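A short worksheet on the structure shown next.
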Amino acid sequence: MVTSFPITDSSTVLLVGTDDWLTRFAATLESRTDATVRTVGTKVEALEMVRERTTDCLISEYVLEEATGLELLRDIRTETRTLPVLLCTAAGSETLASEAIKAGVTDYVALTDPIEQTADDLIERTERAIRTVQRSATKQERARQFDAMFNDSRTATWVLDLDGSLARVNETAREMVEADVETIVGEPFWTLPWWAAPDSTNADVQQIVENGLGGKLGNAVVTQPPHVEDPRVIDLSVHPVENECGDIVSIVVEGVDITARVDLERDLRQSEELHRVTLNNMTDTVLITNEDGEYTYVCPNVHFIFGYTAEEIHEQRTIDDLLGADLFDRKELAEDGVLKNIETTATDKAGREHTLLVNVREVSIQDGTLLFSCRDITKRKQREEALATLQETARDFLYAETHQEIAQHVVDGTPGVLDLDASAVYLFDADANELQPAARSATMKELNGPLPIVHADGETLPSYSFVEDEALFFDDVHGADRLENRATDLRSTAYIPLGNHGVFVAGSDRVGVFDDVARELADLLAATAEAALDRVTRESRLRKQDRTLQEQNEQLTALNRINETIREIDQALVQAETREEIDHTVCERLTGEDRFWFAWIGTIDRITDTVEPRAWAGNEQGYLDSQSFAIGEPGAEPAGQTAATGDVTMVTNVAARLREDPWRKAALARDYLSVLSIPLVYNDLTYGVLTVYAPRQGAFDDTTKAVLAELGETIASALSAIERKNALLTTSMTRVEFDIDDSSFILSRLAQDSECTLSYQGGVQQSTEGSYVFVTVDDGAVTAVADAASKLVGVDEVQQISVDGEEGVLRLRLTQPFLALELADHGAVFREATTDQTSTTLIIDIPDGIDVRTITQLVRDTFSTVELRSKQALDQSLERDLYSKFLEKLTSRQLEVIQTAYYSGFFESPRENTGEDVAETLGISPPAFYKHSRTVQRKLFETLFEENNVSIP
């Protein structure tokens with residue numbers, strides 16, 4: 001049986017000594033093993049050999065030259081404790097063996113019979129010694145390695161007992177948690193704070209520990225729980241530790257902080273995802289080719305522009321098939337390294353042409369040398385062309401003068417701007433509150449039919465867009481709730497409000513044509529149209545304002561001329577002495593300096609019901625002789641209409657009813673194109689009719705009408721003043737007596753309520769407080785009459801002036817002007833009024849020069865029932881003259897005071913009322929009363945004795 005010595009075969013054995021047995025053993029060792037055998041004779045040589053060369057085992061005899069094997073052993077142990085040393089001796093003893101062991105011998109061999117000592121035994125001892133030393137060295141090395149690994153600052157290490165509880169932990173692991181590690185030693189590893197919250201368990205950690213206890217390696221990536229500040233990601237690996245018998249004695253868990261790696265991997269994944277998403281979704285397409293134009297890389301988003309997939313692009317031969325040959329100059333690219341913004345045209349998979357901007361760059365990426373970056377500018381080119389068309393349309397807008405023209409320009413410009421043939425414009429009619437079709441294209445009519453008028457109530461799509469001021473875009477308008485025409489062939493449709501002007505409609509029979517560019521262009525077209533419509537509206541408003549201002553200036557000029565004429569007439573009226581002078585002055589001034597063509601004044605004759613001309617001026621040419629100015633007949637001349645109605649008659653266009661009214665022919669023959677007829681009325685009395693003719697239509701407007709109407713009142717007032725003046729100067733008059741029956745007459749109502757007889761014999765006064773009338777009570781209790789008067793609405797105040805039994809005088813303040821004042825305005829004198837319970841008699845004096853019929857008509861217009869009892873001619877030259885002169889000298893207050901004193905019986909003897917009583921009645925002081933009384937008496941005597949030279953016979 002051949003014994004194998006694997007350790008010795010690969011070892012170096014040093015033999016020290018000179019004995020013959022040692023030489024023979026060296027030969028046997030070399031023949032029996034593959035060991036390297038070296039032989040030295042002295043201690044010094046042995047030490048040099050140990051120091052200079054690698055020696056795995058030293059075998060020495062005890063007796064050496066100049067030394068012993070024991071001394072050699074001691075010197076060797078000062079150098080190394082691990083070198084196996086076998087000490088062999090034939091003369092050994094226990095003492096020597098003990099010293100050898102004490103010196104650190106590996107094996108002590110007593111050679112009792114060296115010659116007979118078998119080589120096998122010594123070789124086995126050598127094998128065992130080398131093996132023991134190597135095993136010990138291995139353990140030490142492993143211990144050093146474990147310590148190095150355990151204390152590695154990059155790795156956290158935990159040592160677990162066989163029940164999985166923590167036994168030991170390195171410093172790196174300690175730094176991962178804030179907990180006191182000493183307090184958690186002995187706790188189950190899967191419940192520790194590195195990966196578990198308090199009172200919880202990490203199942204993944206528990207599983208790998210159980211695997212380790214079963215002799216299996218385990219691995220798990222664990223993220224620390226949220227309660228740990230700055231949680232980390234730890235890669236745990238479990239290694240079971242076995243003894244020499246193969247039994248597991250502990251578990252070592254190593255943890256590496258891979259947080260940074262995880263973050264990096266996450267960032268890389270995100271970066272890869274971003275790169276992938278970017279390439280897939282960016283609008284630019286990147287292609288890489290070799291020098292022959294063959295594709296080495298195709299961007300995944302190539303379909304965005306070309307419609308092909310990346311695989312389909314690879315199947316094409318070269319990039320020339322896609323972008324065209326001779327796209328760029330290779331020499332120029334070599335010089336510059338990059339060529340930018342090369343514009344070219346490419347056709348996509350569907351046959352649509354695209355305008356591209358291509359950048360070409362030299363690269364070195366795998367097998368690719370040319371990088372092509374393609375950008376689709378088709379929409380931009382279309383937008384540029386559309387904007388150019390829009391600019392032309394905007395220029396057309398500048399020359400448009402009406403909303404209708406702009407609407408038509410919008411429709412005409414839509415195909416060039418939006419590439420849509422169906423369009424229309426609705427314009428808003430504010431008066432009708434409707435959107436009315438103003439312009440439409442032929443295609444719009446074909447696809448949609450006639451466009452109806454749309455009420456602005458928000459119910460239909462164009463109405464809703466206008467009312468809500470909201471642009472509406474539909475990929476398919478058939479899905480809209482407010483679509484009114486369900487039979488329309490329109491699909492993609494836009495409704496865009498044009499401000500307050502209307503709505504722009506554009507559409508197509510295709511679905512989804514309104515992309516972002518189309519919507520933007522549609523909004524721009526609508527905004528441009530709206531601005532143009534605003535401009536036209538402003539200009540129209542300005543033109544209207546200019547026309548209005550021009551008309552107002554013309555009216556103002558005409559009004560100034562009229563006012564100038566009226567001022568001239570007013571000055572002439574002040575200076576006029578007679579009625580005829582007033583009539584002729586008015587007519588001449590109105591027609592002077594071509595102000596009006598013709599003017600005349602006529603008197604109303606109630607007997608013949610005609611207007612009789614009494615004064616005229618201007619281009620008459622027989623007009624007055626050719627007409628009969630009947631009052632109230634159908635189609636009567638304006639003068640006759642005014643006489644019938646008492647209102648101003650204005651005819652702005654004489655030719656309007658040429659065949660219906662006969663007078664119009666004669667007027668047109670004399671160039672009378674417009675007419676204004678004005679009643680001359682003052683205090684409800686008519687003094688005639690003034691009629692004015694102009695040589696142009698519309699010469700009279702409302703302002704002129706109002707001004708000339710006021711002129712008519714002024715003329716009538718002047719005529720009334722002339723009559724009053726003439727009445728004061730004349731001594732001849734007509735006394736007229738009337739019987740009236742009208743309970744509205746204040747004296748008649750008071751006599752009926754009081755059952756007495758009342759009389760008025762003059763004394764009416766007009767003040768700012770009302771009309772004062774003195775009334776004599778003849779056959780009734782004055783107190784009862786005063787009480788009845790105070791209850792009448794027409795009486796504001798009642799004062800008893802004098803009382804004599806059942807007779808007396810009352811002063812009444814009336815709420816309305818008394819008849820005497822109105823008669824006085826027309827020159828007549830209200831002399832007397834007597835009334836009882838059944839009848840009332842009025843006596844009025846009418847001076848010559850005043851038409852008795854006028855005064856009679858005034859009385860008839862005032863009372864409901866009037867009967868003329870008598871007329872009597874009177875001559876009161878002296879009386880009238882003295883009375884007038886006396887009244888002219890008195891003030892209204894003086895006349896009131898003296899009348900009150902007279903009716904109070906102040907001048908009776910004995911006096912019925914004292915001056916103090918009269919003063920109290922008048923509400924003045926006694927001295928003031930006496931002063932007024934003396935003044936009036938002095939003026940009376942002055943009139944009697946001095947101005948008229950009256951002498952006493």
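Please read these numbers as outputs of a predicted model, since none were measured by experiment. In what follows, every heavy atom counts, from backbone to side chain, and hydrogens, waters and symmetry copies are set aside.
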Practice problem: Please check if any side-chain donor atom of T157 sits under 3.5 Å from a side-chain acceptor atom of T155, or the reverse. | Solution: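 Absent: no donor and acceptor within the cut-off.
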Exercise. Tell me yes or no: between the side chains of E291 and T369, is some donor less than 3.5 Å from an acceptor?
Key: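 Result is yes, a qualifying pair exists.
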Main chain of [Y], side chain of [X]: is a donor-acceptor contact present, judged purely on distance under 3.5 Å?
X	Y	result
T344	L356	no
T33	L29	yes
D56	T12	yes
D348	G351	yes
N359	N341	yes
T378	T355	yes
D161	D163	no
E61	T18	yes

Can you find a heavy atom in the side chain of [X] that is under 4.5 Å from one in the side chain of [Y]?
X	Y	value
F25	I123	yes
T223	V262	no
D20	R24	yes
W194	N202	no

Practice problem: Give a yes or no on whether R77 atom CZ has more than 12 heavy-atom contacts from other residues, nucleotides or ligands under 6.0 Å away. | Solution: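 Buried by this count: over 12 neighbours within 6.0 Å.
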Exercise. Return yes when atom CZ of R519 has more than 12 non-hydrogen atoms of other residues, nucleotides or ligands closer than 6.0 Å, and no otherwise.
Key: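 Yes - once you tally the heavy atoms of other residues, nucleotides and ligands closer than 6.0 Å, there are more than 12.
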Practice problem: Evaluate side chain to side chain donor-acceptor pair (under 3.5 Å) for N211 paired with Q207, printing each intermediate quantity in order. | Solution: CA-CA 6 Å; N211 290 342; Q207 183 62 48; 3.2 Å; yes
Self-check item: Check against side chain to side chain donor-acceptor pair (under 3.5 Å), T95 and S93
Solution: CA-CA 5 Å; T95 302; S93 63; 4.6 Å; no
Quiz item: Is any side-chain N of the basic residue among E124 and R131 closer than 4.0 Å to the acidic one's carboxylate O?
Solution: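 No salt bridge links E124 with R131.
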